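What follows is a single structure, written as structure tokens, with notes after it.
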There are 2 protein chains.
Amino acid sequence: MGISQEISYRLERLILDGGLAPGQKIPSERQLATRLGVSRAILREALHELQGRGVIETHHGKGSFVASIVPSTADLDDRSPLMHLFAGHPRTLYDLLEVREQLEGQAAMLAAQRATSMDRHRITKAFRMLESTDPMSNAKPDHGFHQAIVEASHNPILVHVLNGLKNMMLLTVQASVANLNPREEMRHSIMRQHKQIYQAIMAGKPTAARKAATAHVRFVGDSMRSLESQGAKVIRISLNSEAAAPGTSASP
Amino acid sequence: MGISQEISYRLERLILDGGLAPGQKIPSERQLATRLGVSRAILREALHELQGRGVIETHHGKGSFVASIVPSTADLDDRSPLMHLFAGHPRTLYDLLEVREQLEGQAAMLAAQRATSMDRHRITKAFRMLESTDPMSNAKPDHGFHQAIVEASHNPILVHVLNGLKNMMLLTVQASVANLNPREEMRHSIMRQHKQIYQAIMAGKPTAARKAATAHVRFVGDSMRSLESQGAKVIRISLNSEAAAPGTSASP
DNA sequence: AATTGCCAACTGGTCGGACCAGTTTTTTCG
DNA sequence: CGAAAAAACTGGTCCGACCAGTTGGCAATT
């Protein structure tokens, strides 16, 4: 390992062990570089590494601060590169929706063909829950409905792929629910679309199911796109919200 | 945001969007710095950030390499349960083909819309190689052609998903090549289909490209199904065929 | 005295060049 | 031809300078 790696390691220890609280300021680059006996360039590389890991935040002219990370928020594997890419690159949302359009259409079609009675039961249950739940509740019911359909496709590959995208999918569903549901007419459109998908699958109409599902995903994408173009901030779903502004230090 | 942040962003984009596979080498620091118009110091800071996020790995004297992305969908290597399932249950082949039908259709469509001149060049190169190679050679050229198209879709999610299925995909392509190519008329059909896909993408006809691609995958599936129903043993493909180190076979 | 305005001293951000240290390729010579 | 030496890569580290935001205090003005 190079020196910069070692420095980033020592810095992290310093922060974690040293009891530096989130939001707390760490010494200036020049100070740290001198104290640790390395050049400022190397020190900066180490800082960038910690930055990449989300350990610190840096603000021009102010300094670097310990980020407020709860290391055990293992809820979703936030820190995965893809996850981060998604959070940082809004376009990725639409990329995902493009893929979902195909995959969910496929799943709905296969579900219409292959769903067993137990599958139908599960789908129905998820659908009911979707109807009854508060519109603004979290995205779980919505996702559950889609999930039930996917599993009814009886295609292990499809299930596996969609499962691999689950976390990101949850985010897009969350985004769509948060942004679209508040709009009265949109919520109705989405509900109608869900109903169409549901009925097509139950009626065993593969083509109709596929069309309904792809149309639904496309509708969500188009809607969010148009919302976004109207200036609405669509994608702002912070992975681990709150980010302790630097000025949170208590008055001395 | 500072320049180094922007650089790391662009780099990340370059890596995932460009479909750079894990393990692949990225250009040297001096090259990248020049190409992106920044100093080497800043370029290195950006690299360290990606390093901190686990996107790349760096080795002294050798270079920087794309790290294996995310464990979720990626890496269906041999010992994977799904891989095993596949070997044991031929039907999984058709499941995969079902999914491929959608995904490759999507990829071809997007490629027809978004391929850059460099993408076109790569696709053309892969296509040429596909025409010239011996029909019975391994499946690499065939897969390379499809891969080039997928990467031209400029949808990181799509690239990621297909990449995760790469190993299994290689097997299906291998299976199709081994079983279908020996049949004169089938080989011609497949070649014609490849040509249709190629021309549609080059001509920038998204719909035609999608249709050609889905039709192609469907044809492969249907053909193998019919072959199988005639009593041919279709799936007998050993799992660890190639993938061996450069020092191949070695028959003493 | 209170306010305003400005300047100096922080902070991080960027640059270029130089040199060291591994790795790979090319050249040279036995 | 083959092995050793040299050159041409690669990343790793350092220095010194300068740019760009931020902050606080000092001084001139009101």
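Because the structure is predicted, anything quoted here is derived from the model rather than measured. Sequence lines set the chain letters: A, B, ... in the order given, protein chains first and strands last, and positions in each chain run from 1.
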Hey, is R114(B) close enough to E98(A) for a salt bridge, meaning N to O under 4.0 Å? yes

Considering non-hydrogen atoms only, spot the tightest contact between R120(B) and I201(B) and give its length. NH1-O, 3.9 Å

Among E6(A), Q5(A), R13(A), whose side chain to side chain donor-acceptor pair (under 3.5 Å) with Y9(A) holds? R13(A)

Q31(B) side chain N/O closer than 4.0 Å to the phosphate oxygens (OP1, OP2) of dT10(D)? yes

Evaluate the side-chain proximity of M129(B) to F145(B): yes if any heavy-atom separation is below 4.5 Å, no if none is. no

Reference residue H216(B); test side-chain contact (heavy atoms from CB on, under 4.5 Å); the match among R192(B), H146(B), E104(B): H146(B)

Integer-rounded Å distance: dG13(C) P and E6(B) CD: 14 Å

At less than 4.0 Å, is any side-chain N or O atom of T58(A) found next to OP1 or OP2 of dG12(C)? Yes or no. no

Note the angle between the end axes of the helix from dA1(C)-dT30(D) to dG30(C)-dC1(D), five pairs defining each, rounded to 10 degrees. 20°

Would you mind reading off the distance between H48(B) atom NE2 and dT13(D) atom C1', rounded to a whole angstrom? 11 Å

Measure the distance from CD1 on I26(A) to C1' on dC10(C) and round it to the nearest whole Å. 16 Å

Please give me every residue in residues 36-44 of chain B whose heavy atoms get under 4.0 Å of an atom in DNA chain D, ordered by residue number. R40(B), R44(B)

Quick one: CE on M224(A) to CZ on F219(A), what's the gap to the nearest 0.5 Å? 11.5 Å

Could you tell me how far apart E57(A) (CD) and dG12(C) (P) are, to the nearest whole angstrom? 15 Å

Rounded distance (Å) that lies between atom C1' of dG12(D) and atom CD of E29(B): 8 Å

Got more than 12 heavy atoms from elsewhere within 6.0 Å of NE2, H59(B)? yes

Does anything in residues 31-52 of chain A pair up under salt bridge (charged side-chain N to carboxylate O under 4.0 Å, His left out), and if so which pairs, sequence neighbours excluded? E29(A)-R40(A), E29(A)-R44(A), R44(A)-E45(B), E45(A)-R44(B), E49(A)-R53(A)

Residues which pass side-chain hydrogen bond (donor to acceptor under 3.5 Å, both in side chains) with S64(B), listed by chain and number, not counting sequence neighbours: T58(B)

Pairing residues for T124(B) by the side-chain hydrogen bond (donor to acceptor under 3.5 Å, both in side chains) criterion, not counting sequence neighbours: Y198(B)

State, without any angle test, whether D95(A) and H154(B) hold a side-chain donor-acceptor pair at a distance under 3.5 Å. no

Which atoms of nucleotides 20-25 of chain C (N or O only) lie under 3.5 Å from a protein N or O atom, and what are those distances?
residue, atom, partner, partner atom, Å
dA21(C), N3, H60(B), NE2, 3.1

Roughly how many Å is it from CD in E45(B) to C1' in dG12(D), rounded to a whole number? 14 Å

